[in-house]
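Chain letters run A, B, ... following the sequence lines, proteins first, then strands; residues in each count from 1. Since this is a predicted model, take the numbers as computed values, not measurements.
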Number of protein chains: 2
Amino acid sequence: MLTMEQFIQACRQRGLNVTYQRMLIYRVLSQRHDHPSAEEIYQQVRQEYPAISLATVYKTLETFAEHNLITKVTQLHDQARFDGETEPHHHLLCVHCKRIVDIRDERLNQLEIPESCRQEFQILGYRIQFEGICPECAARQSC
Amino acid sequence: MLTMEQFIQACRQRGLNVTYQRMLIYRVLSQRHDHPSAEEIYQQVRQEYPAISLATVYKTLETFAEHNLITKVTQLHDQARFDGETEPHHHLLCVHCKRIVDIRDERLNQLEIPESCRQEFQILGYRIQFEGICPECAARQSC
DNA sequence: TTGGATGCAAATACTTTGCACACGG
DNA sequence: CCGTGTGCAAAGTATTTGCATCCAA
């Protein structure tokens, strides 16, 4: 989370033009803590700048995420993926090709649930997603 | 992961008709370990049963997931969600209303990466997603 | 001035729905 | 036979793209 000054700096460092739209989108997103969708951000930005287009919001969020100014909570959102297994286990995702490998390790199933979770939510479980680059993608990149 | 006999049993227990399509879809999914999309399952099932429709695959996967015969890897896949924070932290998701709350706990950032992950993938990090039911949804349900 | 950013509309991708017919129990 | 499941086509939703115009640097 950056201040507006830091944000402007960060854009310049990355060669991104600092536009009014980008500042609004960044401000709206960083002031919210519920991880909104593009549509929700669009609706909120529109209140201050009605001329903005939804396509700009999409493009801007994508650009920010590529430049590591924000993150996408849902990396695999573009299509649903299914798992024949219902027993607790974890996943390792290749951030390039989106391949998923199962991870089974008893120690990972014994995580202590933090107090902040238990506080109000009725906890059902948890999933750990490891992220990395698979050998095939690593080989392709280094060429 | 169930044998075909166990699967048929499990369907009966849940009051689900055992159809040829359902058996094929379950078999294809449980034999793969890459967590395919509906389209990929459709393409593979089609090789054995060309008359199947993509809509049936979608409906069937949804039904299976509701009855806990399979799981959806991507619960939030229906729309992308963004986070203004790029520093490592974790999430608590309400499985009903899809609300996301940030979880910060230093102990969660010190997980030991399992050997099976390191083996080949170049690991970039991990995210933990806790899942539960938020107070609002819990109140609504109990009525 | 100039390349990157925006806005609009059209296109695409994924998923869901309505309905007539088929089939499992 | 009854009610659930299926297939098809159409509709719905989320997202991306092409392109003319605009604007930050």
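- The aromatic rings of B:His89 and A:His35 lie tilted to each other, with the angle between the two planes from 30° to 60°.
- At C:dT6, one or more side-chain N or O atoms of A:Thr60 fall inside 4.0 Å of OP1 or OP2 (strictly under the cut-off).
- Summarising the geometry, the separation between CG on B:Asp78 and P on D:dA14 is reported as 8 Å, rounded to the nearest angstrom.
- For C:dA5, the OP1/OP2 oxygens have no side-chain nitrogen or oxygen of A:Thr19 closer than 4.0 Å.
- Following rounding to the nearest Å, B:Leu76 (CG) and D:dA14 (C1') show an atom-to-atom distance of 14 Å.
- For the pair B:Gln9 CD and C:dG25 C1', the interatomic distance rounds to 15 Å; values are reported in whole Å.
- The side chain of B:Gln21 places no N or O atom within less than 4.0 Å of a non-bridging phosphate oxygen (OP1 or OP2) of C:dC23.
- Salt-bridge annotation for A:Arg46 and A:Glu39: absent, with no side-chain N of the basic residue lying under 4.0 Å from a carboxylate O of the acidic one.
- At the phosphate of C:dT15, OP1 or OP2 sits under 4.0 Å from a side-chain N or O atom of B:Tyr58.
- Note: B:Phe64 and B:Phe7 meet the aromatic proximity criterion, with ring centroids under 6.0 Å apart.
- Straight-line distance from the CZ atom of A:Phe82 to the C1' atom of C:dC14: 11 Å, rounded to whole Å.
- Remark: P of D:dA24 and CG of A:Leu24 are 13 Å apart, rounded to the nearest angstrom.
- If you find the closest nucleotide of DNA chain D to B:Asn17 and to B:Gln79, the one lying nearer the 5' end belongs to B:Asn17.
- Using a 4.0 Å cut-off, some side-chain N or O of A:Tyr49 falls inside it from OP1 or OP2 of C:dG7.
- Rounding to whole angstrom units, OH of residue B:Tyr26 and P of D:dG5 are separated by 17 Å.
- When distances run from any side-chain atom of B:Arg22 to the nucleotides C:dG25, D:dT6, D:dT16, the shortest one goes to D:dT6.
- Rounded to an integer number of Å, the gap from A:Glu66 CD to D:dT16 P is 10 Å.
- Within a 6.0 Å radius of CD in B:Glu115, other residues, nucleotides and ligands contribute more than 12 heavy atoms.
- Judged by distance alone with a 3.5 Å cut-off, a donor-acceptor contact links the side chain of A:Lys59 to the base of C:dG7.
- With DNA chain C read from its 5' end, the first of the two nearest nucleotides for A:Ala55 and B:Leu16 is the one closest to A:Ala55.
- Relative to the side chain of A:Ser53, the nucleotides C:dT16, C:dC8, D:dT15 differ in distance, and C:dC8 lies closest.
- In this structure, the CZ atom of B:Phe64 is 10 Å from the P atom of D:dG5, given to the nearest Å.
- Listed pair A:His77 / D:dT15 meets the phosphate criterion, a side-chain N or O lying under 4.0 Å from OP1 or OP2.
- Within the 4.0 Å cut-off from OP1 or OP2 of D:dG7, at least one side-chain nitrogen or oxygen of B:Thr56 is found.
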Steps toward side chain to side chain contact (heavy atoms under 4.5 Å, CB included) verdict (B:His91, A:Val73) | CA-CA 9 Å; B:His91 289 141; A:Val73 176; 3.9 Å; yes

